[in-house]
Amino acid sequence: MNSNMRRYWLMKSEPDCFSFEDLRQAPQQTEPWDGVRNYQARNLLRDEIQVGDGVLFYHSNIKQPAIVGLARVVKPGYPDHTALDPRADHFDPRASEENPIWFMVDVQYLWPLPFAMTRSFLSEHPVLKEMGVLKKGNRLSVQPVTAEQWQTVLDVAGLEDPLEDQSLKNTQGGVHG
DNA sequence: GCCAACGTTGGC
DNA sequence: GCCAACGTTGGC
């Protein structure tokens, strides 16, 4: 993994639906990021997001929306089969095996931030105030974050970059063999 | 709970 | 292709 190629993303989730803690408790601490039904976000999931990319896990639609933890991508875009399941919440009758329409990636838990970075906190930082998630009307559930913003979150949190951890190199899904 | 912003749908 | 109506998102 060439770190110059690495990209960074912010992914929103309503914690009542799926929280960072839920990701921590998932098998292999990994979960498919399914259910995205927005074409712009779909295009990112399908075409742009790569294994090894960093993820800021954002809790939305609660009293104190905030970035709460770090995760990483462990499987690149593949068809979101929940669109094919009539009983699934995000069933889409237009989707098929031949034309899945919707895509997802697998995301793995890394570790929580030492404190939740709320919108007011982010807004007060000269670098982080530029994040897309703070922009009015921004509804993209998957959106790019700059390398500077990623590094700034780590600096402010007092964390080393987890993506530079040697024990994470050359692994996929945290599963060996 | 309110409502602004946004994306999608569908009539024309 | 336009655009009004509608449903959803998500901060507040």
Side-chain angles (χ1 to χ4, degrees), chain A residues 7-26 30-49 53-73 76-146 148-150 152-154 156-157:
Chain A
R7 282 186 271 186
Y8 307 94
W9 311 94
L10 180 144
M11 297 192 185
K12 297 181 193 173
S13 185
E14 301 188 16
D16 293 343
C17 176
F18 184 77
S19 70
F20 192 55
E21 176 64 16
D22 292 332
L23 182 61
R24 188 181 72 79
Q25 294 183 15
T30 298
E31 198 73 18
W33 202 265
D34 61 15
V36 173
R37 299 291 180 267
N38 168 285
Y39 286 103
Q40 200 176 340
R42 186 280 309 268
N43 292 345
L44 296 176
L45 291 166
R46 187 189 58 189
D47 305 330
E48 303 294 334
I49 300 179
D53 285 0
V55 174
L56 300 178
F57 200 112
Y58 178 88
H59 281 170
S60 69
N61 213 12
I62 52 175
K63 289 216 167 147
Q64 288 284 321
I67 301 169
V68 295
L70 307 175
R72 65 176 180 142
V73 176
Y78 63 106
D80 181 350
H81 55 77
T82 67
L84 303 177
D85 180 358
R87 294 158 302 178
D89 287 343
H90 298 97
F91 172 63
D92 184 344
R94 301 168 303 162
S96 64
E97 297 280 355
E98 303 75 37
N99 179 25
I101 303 182
W102 305 112
F103 285 74
M104 58 189 181
V105 301
D106 284 0
V107 170
Q108 183 179 40
Y109 180 94
L110 287 171
W111 51 66
L113 297 184
F115 61 97
M117 293 192 188
T118 63
R119 299 174 65 81
S120 60
F121 179 88
L122 297 171
S123 300
E124 288 167 8
H125 191 282
V127 171
L128 300 180
K129 71 179 183 185
E130 302 300 326
M131 296 185 75
V133 73
L134 297 178
K135 301 225 162 66
K136 188 172 184 179
N138 188 321
R139 292 165 45 172
L140 254 195
S141 62
V142 176
Q143 55 184 266
V145 165
T146 68
E148 184 187 25
Q149 289 162 350
W150 171 265
T152 300
V153 168
L154 296 175
V156 168

| message | Using the salt bridge (Lys or Arg N to Asp or Glu O under 4.0 Å) criterion, which residues pair with A:D92? Sequence neighbours excluded. | response | A:R94
| request: Could you encode protein contacts along nucleotides 5-12 of chain C as a string, one character per nucleotide from 5' to 3', using B for base contact, S for sugar-phosphate-only contact and - for no contact, with a heavy-atom cut-off of under 4.0 Å? | output: --BBSBBS
| Contact list for residues 87-110 of chain A, test ring-ring contact (aromatic ring centres under 6.0 Å, His included), sequence neighbours left out | A:F20-A:Y109, A:Y39-A:W102
| field | Residues in salt bridge (Lys or Arg N to Asp or Glu O under 4.0 Å) contact with A:R24, at least two apart in sequence or another chain | value | A:E21
| Set of side chain to side chain contact (heavy atoms under 4.5 Å, CB included) partners for A:D89, sequence neighbours left out | none
| field | A:D85: salt bridge (Lys or Arg N to Asp or Glu O under 4.0 Å) partners, not counting sequence neighbours | value | A:R87
